[in-house]
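Numbers restart at 1 for each chain; the letters A, B, ... are given by sequence-line order, proteins then strands. Reckoned from all heavy atoms, side chains included, excluding hydrogens, waters and symmetry mates.
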Amino acid sequence: MDSAVTEPGAEHTIAGPAARPAVWTRLARNWSVRIGGAVLALLLLASGAAPLLGTIDPALIDPVNRDLLPGATGEVMLLTGESFPHTFWLGTDSYGRDIYSRVLYGGRVSLVVGVTVALLSLLFGILIGLAAGTIRWLDGVLMRVMDGLMAIPGILLAIALVALWRASIWTVIVAITIPEIPRVVRLVRSLVLSIREEPYVEAARSLGTPTAIMMVRHILPNTVAPLIVQGTYICASAILVEAILSFLGVGLPTDVPTWGNIMAEGRLQFQQYPHNVLFPGIFLALTVLAVNMLGDGLRDTLDPRFSKHGERP
Amino acid sequence: MSAPVLAVEKLEVSLPAGADRARAVENVSFSVNAGEVRCLVGESGSGKSIIAQTVMGLLPRNLKTTAGHVLLNGENLLQAGPERLRRLRGEKLAMIFQEPMTALNPIMRCGAQIDELLAQHTSMAPAQRRARVLQMLEHVRLPDPARIHAAYPHQLSGGQRQRIMIAMALILKPALLIADEPTTALDVTTQAEILGLIRDLQREHGTAVLFITHDFGVVADIADDVSVLCLGDLVESGSARDVLGSPRHPYTRMLLQAVPELVSRKPATSSDAPVAMRTRRVNKVFVTGGWLGGRREVVAAQDVDLEVRRAETLGIVGESGSGKSTLARILARLIDPSSGDIELDGAPVARLRGAPARAFRRKVQVVFQDPYRSLNPRRTVGAAIVEGPLNFGAAREEAWRRAQELMQLVRLPAHALQRYPHEFSGGQRQRICIARALAVQPEVLIADEAVSALDVSVQAQILELLDEIQQRLRLTIVFITHDLRVAARICNRIVVMQHGRIVEQGPVAQVFEQPREVYTRALINAAPGKGFAFGRTA
């Protein structure tokens, strides 16, 4: 029973400033949001400020310092001939490159790919989904095209695109974005289809609100919460797919360190020197976990309909 | 007199922290004797369903009983373990719910669902059980029990499904039957049949019935004893005749006065009043499927001819599926008629597009049924009210000034314009929706079940408000409702619809007192609490 309805005789008093606190307060109270957000902020900070955190050139090859274990110290010689002492916190790989520096710089690629893919697929997904949800005759055509796109495996598409153009961050982003778009389109379309049947949209229509304004004012804002949540899941999966692509050698060129290609190169010596695979792996797992936790927290606070706790606001 | 079947003593259930009050129910005591029907009546939020859930042991986990006893034949249910409760449910306690579709398992045949109870609780052989189930189906007056036995829930009508629920509830001959708003989701004619059935079976078996409802009409039809709840407090208890006939508590009196009488209150419209809106042979056919799937056609309105005169309130009544809401949406041009004409002030409007269509929108406005969904949750009340005037080119300051006046008209404070819809109660939201519709100064207001989702006391206030606004603004109102009492309260003239057709129309007094059509007569006879003069009591 809904206890928030009416109290007899209390018709003229308003329920007071919301039984439900503002969105930001509720977000700040959610532990998934707190932990996921904090871990993600740390990772962003660390990879963004990598040059200030005692790193050296992640691509610097130094045969003298090959296969050092974590915590070993040594002498780094730059290409200019300069040399200085350095502690290899996470060891080095078989070319003598510093894993600590490579992992921090590699984080940049992962985060950029994750965020860009999420934003791009949301952007295109919203545009196409809105069109499919509003323009009846376009719906069938668009959705069949989307079904077709969904049938292409992302990794296969990436291999084809790399063969076609060249390995670059944009090729990777495009290759991961394309298969994600149909999922967003489906979500947006179903949201639009249900929201446009809501009485408040009909009311706006009977008030003479033009269709375009209706979209922006009444329909889009009500799709935001589920879309933000979907965005975080796309971000997490894009980070994983990028690592897989780099691991398979169809992602970024090997001179750019990414978590995927650090692991790919380290796997040959995994039995002797597991740290080559272990550390980028831990960072990857941590990032994906943090993004997913953030997504779960956002879902629980912003969109109670999909919440597993089933609590209505 | 023997001991009561169910005795609830000083029951107290606490709500979780942060709720609008500390306890869902407090100090509630009542009893139900064998062969009697006790009605628990109250508006939404009064705690009546919580009591039913407590008795059944189905209380949500975040609610706790903090004091009191619930005794079933002397056994305290609050102390019974889960295994004991499971045995008691079905054998001694049974419940029927409001929504018969969701209470039945959609992928199990109806017969099998009833059979399951017998298999669980008795040691009867399968053939015996089948015979017993068929007998029970016949007992709840379902036609062709063998066919129903093999049917899935979706193949039955709402009334038939509720009969299946009753058969399930009564097959083990429980001592106590709890009915939680069992007829609220049904049409009036079906409701009357189901109420009669519950009454007959209860007399026959001597079952004690705890009947939960918000509808005083239903109370008048079925109750032996009545308990009235207000915000978790039991304010009045007694025999049905005493409570309904001479209520002592002011809250009960207020509730009873809010129930509209089933007699015409307003004069018939004079026949020389100008026609505001007219439909000529309007048809609407909904087509589903097509392309690859099977094509199905549903006729929702057929040859509808009606006239709405200036400044009158025309009621359109009918049961679900009668096409009354479709007609409302056609009149508001939210959907296009398949054929036929609509005239507004003598000008055809059914095929308008573009600028003339916008001009039409300004003249005809709608208030919808569900006050919770008819306001965009992400926009303030003020933004909702000024949206129309701004669409039609009003200046911003002018629109906001007018919004403040409108808030006064619907008796809400002007500062509420800055608030969001979730901060308001259902009745307040419906006031806001009325203000929004009036903001563009329409000539015709279409109210589609505008008070059906509201409690009776709030409903009475909204109806009064509509009356007042109509007189002040000389507004033409088309009022769609399934509730004959509401129609009698507010309408001058009435149109009765069935299966998409108009079966009868005329002034309210004439239609109610001398109905010509069989269907109209059935509809009026089915109205709950028909013989009881509400509104005049006390």
Salt bridge (charged side-chain N to carboxylate O under 4.0 Å, His left out) contacts in which one or both residues fall within residues 173-189 of chain A, not counting sequence neighbours: A:Asp139-A:Arg189, A:Asp147-A:Arg186, A:Glu180-A:Arg183
B:Arg429 versus chain A, the contacting section by heavy-atom distance below 4.5 Å: neither
Most contacts with chain A, counted as non-hydrogen pairs under 4.5 angstrom, among B:Gly388, B:Ala359, B:Ala439: B:Gly388
Part of B:Phe392 lying under 4.5 Å from any heavy atom of chain A: side chain
Of all pairs that satisfy salt bridge (charged side-chain N to carboxylate O under 4.0 Å, His left out), the ones with a partner from residues 213-226 of chain A, not counting sequence neighbours: A:Arg217-B:Glu387
Short side-chain donor-acceptor distance under 3.5 Å, B:Glu236 and B:Thr252: yes
Among the listed options B:Val366, B:Leu375, B:Val440, the residue most often paired with chain A at heavy-atom distances under 4.5 Å: B:Leu375
Residue selection (most heavy-atom pairs with chain A, distance under 4.5 Å) from B:Gln369, B:Arg436, B:Arg333: B:Arg436
Under 4.5 Å from a heavy atom of chain A, the part of B:Arg373 involved: both
Option passing side chain to side chain contact (heavy atoms under 4.5 Å, CB included) with A:Ile126 (candidates A:Val192, A:Leu220, A:Leu187): A:Leu220
Residue pair B:Gln430 / B:Val367, side-chain heavy-atom distance below 4.5 Å: yes
Under 4.5 Å from a heavy atom of chain A, the part of B:Leu334 involved: both
Greater than 12 external heavy atoms within 6.0 Å of A:Tyr233's OH: yes
